[in-house]
Amino acid sequence: MSDQGKTATWGQRLAAGLGAWRYGTVLGVFLLVVGALAWRLVDLHVVDNEFLRKQGDVRTIRVESIDAHRGVVTDRHGESLAVSTPVQTIWANPSEIDADEPRLTNVARLLGLQEARLRERLRKYSGREFIYLRRKLQPEIARQVLAMGIPGVYSRQEYRRYYPAGEVTAHVVGFTNIDESGQEGIELAYNQWLSGESGRKRVLKDNRGRVIKDLTLIRDAKPGRNLELSIDLRLQYLAYRELKAVVGAHDARGGALVMLDVDTGEVLAMVNQGSYNPNDRSQLSPDRLRNKAITDLFEPGSTMKPVSMAAALESGKFKASSTIDTAPGYRRFGRFTIRDHRNYGVISLTDVIAKSSNVGISKIATELGGDTIRDLYARLGLGQPTGIGFPGEAVGVLPAPPKWRPVEEATLSYGYGMSVNALQLAQAYMVLANGGIRYPLSLLKADEKPVGERVLSEDVSFQIREMLREVVENGTGKRAQPGFYSAGGKTGTVHLVGKNGYEDSQYKAIFAGMAPIDNPRIVTVVAVDAPQSGEYYGGEVAAPVFARVMGDALRLLNVKPELELGDAKAPRLASGERG
């Protein structure tokens with residue numbers, strides 16, 4: 001064989017050897033890779049299977065919160081005033097939704113949203129995984145939305161606060177925000193008590209975010225605690241009805257009514273005008289939110305005369321049989337003049353109250369001194385918090401000058417130069433009604449009778465009640481007679497204060513009283529702001545409301561009627577008598 005042939009044969013052998021080596025190398029690498037993969041599969045599935053499980057959990061297992069049920073608010077008989085009902089919230093994962101999805105048109109319609117705005121939000125937050133579309137929906141609407149099967153649209157259960165009595169109890173109960181956190185009234189004052197504690201759970205979801213299975217409970221939700229109020233919903237309804245009627249009939253600016261149990265200090269009814277519906281706050285205005293019975297202050301006027309008279313009897317300087325000369329029907333203090341409606345001459349202490357004599361009570365005040373009257377006012381709770389714990393309570397003003405001027409003593413005796421709220425006034429009359437005991441006021445139902453403090457003698461309080469009886473039977477409060485029950489009380493008519501002082505043509509009509517007068521069960525205060533229909537005196541505007549409310553309330557409480565059919569009447573004021 002030639003050298004050239006030998007060279008070719010060697011080259012072919014070399015090429016064949018290199019080809020075999022490359023093939024062997026590639027095959028070896030391939031087998032190594034396959035072996036490595038096989039080992040990894042065995043390792044993941046047999047030796048160390050936690051990795052795959054954890055990765056799967058990351059993609060399918062989520063931790064979700066469990067909403068807690070807010071506590072129920074009821075009246076003293078268990079009638080619901082605030083409850084939480086289950087509703088659905090629609091939310092979306094913008095990263096999973098095509099903003100041009102045609103079915104979003106129907107979603108916007110069902111949810112009451114603007115279609116263009118909905119699509120704009122989805123585009124704007126396309127990098128997020130959660131946005132609310134509409135919260136607190138009826139379950140049926142949520143089912144219709146989910147039935148469309150749009151990827152990225154989901155729902156979750158929440159709770160919505162509902163108020164069965166609506167505007168009737170709005171100012172007492174208050175309301176919550178969309179997250180069920182108290183904003184006004186009892187809902188705010190006892191928010192921590194009513195609020196529950198949210199729970200947490202692990203759930204298994206599919207690739208569309210739907211819950212397939214609840215896996216484990218991390219922490220159970222703790223429901224909020226229930227709250228039983230002292231309010232009697234029956235009395236609340238009738239009080240609201242009558243107050244609303246009188247405000248409408250007299251074209252008044254507003255009003256308030258408070259009813260107390262004289263033996264426990266519990267608030268049985270508390271209503272205001274105007275009011276609002278906490279279930280529909282679309283037309284809500286800030287001026288309607290105030291619980292005027294607690295937040296609004298006013299000068300109590302002549303309703304303070306019985307308290308001043310109690311101070312006179314307590315001092316020992318006056319007796320029930322004493323008389324006062326009110327002639328000539330007015331008193332002058334420099335440029336200031338106090339007047340009666342007419343010259344009553346010499347009258348008894350009872351007539352000073354029954355005829356509402358400013359001159360008579362001011363002469364008594366001059367004899368007593370301002371400190372004596374103020375001291376009893378303070379003991380009855382005026383000028384200090386009631387302790388009821390209601391948000392926004394106004395304390396009022398009880399003056400205490402270092403030296404009393406004669407005109408200050410006089411005006412204090414008939415309720416000017418000081419300020420109270422309707423609840424404080426009711427508390428003062430509660431003491432007169434129950435024999436001189438001041439009980440702590442409460443909006444919560446009392447499980448047992450509270451411990452009170454004696455602030456006035458039983459004898460003095462009895463004498464004052466007899467004077468208040470005369471006001472209703474023969475004085476300025478004749479329209480306050482509550483049907484088949486005896487009653488006692490006092491009228492009041494005060495000028496409202498405006499930007500420039502007292503307004504000549506704007507008044508507050510007040511009546512504060514109790515019934516049955518021989519054994520009082522309830523105290524009620526009625527205050528009507530700025531009546532415009534001609535009548536504006538307390539005996540003309542507020543007293544009839546007291547009569548209707550007290551008559552119905554005592555019947556509902558099964559109090560035995562005291563008067564016979566022929567005695568039950570509510571006569572009009574006689575000529576010249578005013579409240």
Side-chain angles (χ1 to χ4, degrees), residues 57-70 82-164 166 175-181 183 195-196 198-218 221 223-224 277-284:
D57 288 349
V58 168
R59 290 161 174 78
T60 60
I61 294 179
R62 295 289 186 270
V63 175
E64 288 195 341
S65 64
I66 306 173
D67 289 336
H69 192 279
R70 189 174 176 86
V83 296
S84 293
T85 57
V87 291
Q88 292 292 320
T89 285
I90 300 296
W91 63 277
N93 184 342
S95 64
E96 299 177 2
I97 301 177
D98 181 1
D100 296 321
E101 165 66 55
R103 289 172 291 181
L104 289 176
T105 300
N106 291 330
V107 171
R109 176 181 57 81
L110 287 170
L111 300 184
L113 305 174
Q114 295 181 359
E115 180 183 349
R117 174 61 177 159
L118 173 59
R119 296 182 187 276
E120 179 186 347
R121 288 186 65 213
L122 292 173
R123 293 189 183 97
K124 181 178 180 181
Y125 300 112
S126 59
R128 295 188 181 181
E129 295 185 354
F130 181 94
I131 62 170
Y132 283 118
L133 296 186
R134 188 66 181 271
R135 298 188 67 183
K136 310 293 178 90
L137 287 169
Q138 295 178 9
E140 178 57 31
I141 296 177
R143 281 194 292 268
Q144 294 179 42
V145 172
L146 295 178
M148 297 180 191
I150 302 176
V153 176
Y154 311 105
S155 73
R156 60 170 294 181
Q157 178 177 289
E158 292 187 310
Y159 290 96
R160 181 178 181 179
R161 206 65 165 164
Y162 175 66
Y163 303 92
F175 58 85
T176 63
N177 61 15
I178 196 168
D179 293 314
E180 290 216 313
S181 178
Q183 301 295 293
S195 297
S198 298
R200 294 175 68 80
K201 63 180 179 179
R202 286 191 180 90
V203 298
L204 182 65
K205 292 187 175 183
D206 64 10
N207 60 353
R208 296 186 62 186
R210 297 173 297 189
V211 175
I212 300 174
K213 182 181 180 181
D214 289 343
L215 297 177
T216 56
L217 179 65
I218 301 174
N277 185 354
N279 297 309
D280 179 14
R281 288 169 244 171
S282 58
Q283 305 298 322
L284 192 61

| Going by atom types only, do Thr105 and Glu115 share a side-chain donor-acceptor pair under 3.5 Å? | yes
| Any Ser195 side-chain heavy atom under 4.5 Å of Glu180 side chain | no
| query | Between atom CE of Met148 and atom CG of Asn106, what is the distance when rounded to the nearest 0.5 Å? | reply | 4.5 Å
| Arg156 side chain reached by Gln88 side chain, heavy atoms, under 4.5 Å | no
| query | Can you name the closest pair of heavy atoms from Leu122 and Leu104 and give their distance? | reply | CD1-CD1, 3.6 Å
| query | Could you give the distance from CD1 (Ile178) to CD (Gln183), rounded to the nearest 0.5 Å? | reply | 11.5 Å
| task | Could you check whether the rings of His69 and Tyr159 sit parallel, tilted or perpendicular, using 30° and 60° as the cut-offs? | result | perpendicular
| Is it true that Arg123 and Glu120 have a side-chain N and a carboxylate O under 4.0 angstrom from each other? | no
| query | Which pair of heavy atoms, one from Leu133 and one from Leu113, lies closest together, and at what distance? | reply | O-CD1, 3.6 Å
| said: For Pro164 versus Ala82, what's the shortest heavy-atom pair and its separation? | reply: CD-N, 4.1 Å
| said: If the threshold is 4.0 Å, N to carboxylate O, is there a salt bridge linking Asp179 and Arg135? | reply: yes
| Heavy-atom side-chain contact between Ser155 and Ile90 under 4.5 Å | yes
| request: Indicate yes or no for a side-chain donor-acceptor contact from Gln138 to the backbone of Glu140 under 3.5 Å, with no hydrogens or angles considered. | output: no
| request: Name all residues meeting the ring pair (Phe, Tyr, Trp, His ring centres under 6.0 Å) criterion together with Tyr162; count only those two or more places apart in sequence or in a different chain, and write none if there are none. | output: none
| Side chains of Lys124 and Arg119: does their closest heavy-atom pair fall under 4.5 Å? | no
| message | Quick check against the 3.5 Å criterion: does Asn277 have a side-chain atom that pairs as donor or acceptor with the backbone of Gly166? | response | no
| remark: Only residue of Leu111, Val107, Thr89 satisfying side-chain contact (heavy atoms from CB on, under 4.5 Å) with Arg134 is Leu111
| task | Taking the side chain as every heavy atom from C-beta outward, state whether Glu96 and Pro94 have any pair of such atoms under 4.5 Å apart. | result | no
| query | So, Arg128 side chain and Tyr125 main chain: donor-acceptor pair closer than 3.5 Å or not? | reply | no
| message | For the OG1 atom of Thr85 and the CD atom of Glu158, what is their distance to the nearest 0.5 Å? | response | 11.5 Å
| query | For the residue pair Trp91 and Tyr154, is the inter-centroid distance of their aromatic rings smaller than 6.0 Å? | reply | yes
| task | Specify the closest pair of heavy atoms between Arg70 and Ser84, including all atoms of both residues, with the distance to one decimal. | result | CB-OG, 3.5 Å
| request: Look up atom CD1 in Ile131 and atom CG in Asn93, then write down how far apart they are to the nearest 0.5 Å. | output: 9.0 Å
| Which atom pair, heavy atoms only, marks the closest approach of Ala92 to Ile97? | CB-CD1, 3.6 Å
| query | Do the side chains of Phe175 and Arg161 get nearer than 4.5 Å, heavy atoms only? | reply | no
| request: Kindly say whether Gln114 contributes a backbone atom to a donor-acceptor pair with the side chain of Arg109 at under 3.5 angstrom? | output: no
| task | Using a 4.5 Å cut-off on heavy atoms from C-beta on, say whether the side chain of Ile150 contacts that of Asp98. | result | no
